[in-house]
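Reminder, nothing fancy here: chain letters follow the sequence lines and each chain counts from 1. Basis for what follows: all heavy atoms, side chains included, without hydrogens, waters or symmetry-related copies. Keep in mind it's a predicted model, so treat the numbers as computed, not measured.
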Amino acid sequence: MTTLDQPAVRPKGAEESRGSRSRKARRSRPRRNTALFWFLIPGLVVLLVFHYIPLLGNVIAFQDYQPYIGIMHSRWTGLDNFDVIFNGDEQFVHALVNTLELTLIQVIFVFPAPILLALAMNSLVSERIKKWVQNVLYLPHFLSWVVVVSLFQQMLGNDGMLNLFLNSHDAGSWNIIGNPDLFKTLLTSQVIWKDTGWGTILFLAALSRVDHNLYEAAAMDGASRLRQTWHVTLPALRGLVILLLILRLGDALSVGFEQIILQQGGVGLENSQVLDTYVYNNGLIGGQWGVSAAVGLVKGVVGVVLVLGANKIAHLFGEEGVYRS
Amino acid sequence: MTTLSPSRPVSRRPQRSYSAIPGETPGSPPWRALKSLILLACVVLVLLPFVAIISTSLADANQINKAGGYVLWPDSPSFTSYSALLSGGLVSKAMMVSVGVTVVGTTLSLGCSIMLAYGLSRPGSFGHKPVLMLLLMTMLFAPGVIPSYLMVKELHLINSYWSLILPSLINAFNVIVLRSFFMNLPGELIDAARVDGASEWTILRRIVLPLSKASVAVIGLFYAVTYWNAFFNALLYINDASKWPMQLVLRTYVVNNAALSGGQVNAAAGAPIPPAQSLQAAILVLSIVPIVIVYPFLQRHMNKGVMVGAVKG
């Protein structure tokens, strides 16, 4: 568990403890150390070819990129491609608004779900039942979005199980899949179904580390069970909640790309377009390479700023955050 | 996040009997009943779709027609849908592609990740710090869909199975986890081997790997699940339907509800093609089964430190 107090992304801290030893090691065993460099080569090549060189490929955001001419010969157009963002192109605005709306909905409904579930699981009497419940609830996390969307369609679709049941009881039918008004609700419930169980892992671990004397003391002071939860359990989760909110904030502009791309067909773009699907639909499908790359680039930069900013805020609150510089 | 120090498995903690501790008591009976009810509802909501899908895939045409579509329990279970899908045709091919990509991809990913993690776990080696930074930075910046697509296209990997493997070969998070496993191994062992003149390669193979079998296995399973589930790479890079992996077949024939025609499904001689519902259900089951098979293994090691994945999402 650790690292709720010991963040993962902290390269410097990790090095410090071994720094002095390593300097000595470098002096005494130069040959070995270069030998180790060869171990890094395959991974390094993959990182460069599929991560860092494409990162540079973002220059097409400043070009009128034409695939048949290539990056080298395409015309440079300065900031023209960014016009859709600055002038508020209608499609782009739809995508932006939908993205932010979904993020907001998900922070409100998806984020607390695992906390509540963890609280319910935490006080189960039997360890065996608890384990069993966990095993079942973790499973959906490992399924792909295609599988989850398929399952939802088979259950809730127009000729899915639910409507079959309603029809056979003369209760009419209920159009859920492919209904633009319910699209965001559908997306949210899918996320809840898939990841709530898995999300409890961290909270359960944090709960298991609460000092039990605190409960005892609270009970002695006459705190009811609810007040124990409020004054002991929830404060114990505070750091973790802040950490996870920060991570979520850093992802504010990415909402369920695969999930949406799979279900966009039936509901129309106005309700379902988000920034990621905007980039995909206009760039790869529509051929507007430059514009889409520009939107993708801005999205990426804003995302990084959000993570760094949120981390800063966490520090101001006296929390550990994701990393320390 | 968590557990970059995997040497402290959570599961080993002595299990307390909760009822003995104030504050962890389940509360008053109605409160308790409510909680159990909520959990029961969650379990049913998760399991019900699986039951329905498996039953429908096994049900015969008569029962499906009578029920109008789905069944919760097959009266006379038969495997006709499965044999129709798996005796050649689109779905059999897709299964082979998915299995192949998963096996080859996992092997290569694991190989590269182990080497990278080991190289980065021994401090002071040449190029250690910049490479570590490059690796960590990948978690912060993603290159974006369009530049990634252009890169794969430049390398002429469109419609090649390699496009499903190479771009996702290294997962920074997995490497960092492995690296911290390796860093927690007793340094004396490695130094002793060095004194005895073992090469780095020998040390990795004979000392480090045997000591971290469990963690390597978990990381391998995580890679395998990722490869099996990968959908977007295939959507981007594989246009040729005969090279589709399972996830794309699932999307076309289940999510988008395209009809499976005679060439794609081979019913036994003289028998009719099984009903669409049970074919769709069978495709779904086929794409879930491998996950369910590895799930117990994942489970066993989950507590050992790959809680990490929780945040990764």
Side-chain angles (χ1 to χ4, degrees), chain A residues 1-3 8-9 11 18 22 25-26 33-37 39-40 42-44 46-47 50-51 54-55 57-58 120 123 125 127 133 135-137 140 142-144 146-147 149-151 155 159 161 164 198 201-202 212 215-216 219 225 228 247 258 262 279-280 283-284 292-293 296 300 304, chain B residues 1-5 10 15 19 21-24 26-27 35 38-39 43 46 49 52 68-70 112 115-116 118-119 122-127 131-132 134 136 138 140 143-151 167 169-170 200 225 229 231-232 247 250-251 254-255 284 287-288 291 307 310-311:
Chain A
M1 271 336 290
T2 65
T3 51
V9 193
R18 285 156 182 261
S22 70
R26 196 176 298 167
N33 293 328
T34 34
L36 263 181
F37 183 68
F39 284 72
L40 307 180
L44 189 59
V46 171
L47 287 185
F50 291 101
H51 201 92
L55 212 50
N58 273 308
S123 51
V125 198
E127 270 301 311
V133 170
N135 285 351
V136 170
L137 297 185
F142 295 95
L143 302 176
S144 69
V146 193
V147 167
V149 169
S150 305
L151 285 175
M155 293 299 109
D159 11 78
M161 273 202 86
L164 201 66
W198 183 248
I201 287 196
L202 291 172
H212 290 272
Y215 288 112
E216 210 163 330
R225 215 191 121 65
Q228 289 175 27
L247 290 174
E258 288 194 0
L262 281 164
V279 171
Y280 174 76
L284 285 163
S292 307
V304 172
Chain B
M1 292 318 311
T2 69
T3 35
L4 296 183
S5 61
V10 175
Q15 303 205 328
S19 51
I21 301 158
E24 290 286 351
K35 273 186 175 173
I38 292 174
L39 286 176
V43 169
V46 167
Y70 295 88
C112 284
M115 285 172 68
L116 192 56
Y118 179 66
R122 297 291 134 227
S125 55
F126 177 71
V131 176
L132 186 63
L134 282 178
L136 289 171
T138 61
L140 202 52
V145 174
I146 290 180
S148 302
Y149 175 82
L150 293 177
M151 186 72 214
L169 201 61
I170 295 282
E200 291 294 346
V225 170
N229 283 342
F231 159 71
F232 188 53
Q247 305 291 334
L250 199 59
R251 169 192 182 244
V254 182
V255 177
L284 247 172
S287 51
I288 296 174
I291 302 287
M307 309 202 154
V311 172

Contact part of B/Tyr149 toward chain A, heavy-atom cut-off under 4.5 Å: side chain, backbone, both or neither? side chain

Proximal component of B/Leu150, with respect to chain A [non-hydrogen, under 4.5 Å]: side chain

Interface residue of largest heavy-atom contact number with chain A, from B/Leu134, B/Val43, B/Ile288, under 4.5 Å: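 That would be B/Leu134.
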
Who among B/Val254, B/Val46, B/Val145, B/Ile38 has the most heavy-atom pairs with chain A under 4.5 Å? B/Val46

Taking side chain as everything from C-beta outward and backbone as N, CA, C, O, which of these in [X] sits under 4.5 Å from a heavy atom of chain B? Side chain, backbone, both or neither.
{"X": "A/Met155", "result": "side chain"}
{"X": "A/Leu164", "result": "side chain"}
{"X": "A/Val147", "result": "both"}
{"X": "A/Leu143", "result": "both"}

Considering all heavy atoms of both residues, which atom of [X] and which atom of [Y] are nearest to each other, and what is their separation?
{"X": "A/Gly296", "Y": "A/Val279", "answer": "N-CG2, 3.8 Å"}
{"X": "B/Leu250", "Y": "A/Ser150", "answer": "CG-OG, 3.8 Å"}
{"X": "B/Ile170", "Y": "B/Cys112", "answer": "CD1-CB, 3.7 Å"}
{"X": "B/Pro143", "Y": "A/Phe50", "answer": "CG-O, 4.1 Å"}

Report the option among A/Met161, A/Glu258, A/His51 that has the most heavy-atom pairs separated by less than 4.5 Å from atoms of chain B.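 Among the listed options, the one with the most contacts to chain B is A/His51.
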
Can you tell me which of A/Gly300, A/Ala293, A/Pro42, A/Pro54 forms the most heavy-atom pairs within a distance under 4.5 Å of chain B?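 Ranked by heavy-atom pairs under 4.5 Å with chain B, first place is A/Pro54.
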
Set of residues satisfying side chain to side chain contact (heavy atoms under 4.5 Å, CB included) with respect to B/Val225, sequence neighbours excluded: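 Residues passing side chain to side chain contact (heavy atoms under 4.5 Å, CB included) with B/Val225: A/Phe142, B/Asn229, B/Ile291, B/Val294, B/Leu298.
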
Among residues at least two apart in sequence or on other chains, which ones pass side chain to side chain contact (heavy atoms under 4.5 Å, CB included) with A/Asn58?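 If we apply the side chain to side chain contact (heavy atoms under 4.5 Å, CB included) test to A/Asn58, skipping adjacent residues, the hits are A/Leu55, A/Leu297, B/Pro147.
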
Between CG on residue A/Leu36 and CE on residue B/Met115, distance to nearest 0.5 Å: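 Taking CG in A/Leu36 and CE in B/Met115, the distance rounds to 10.0 Å.
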
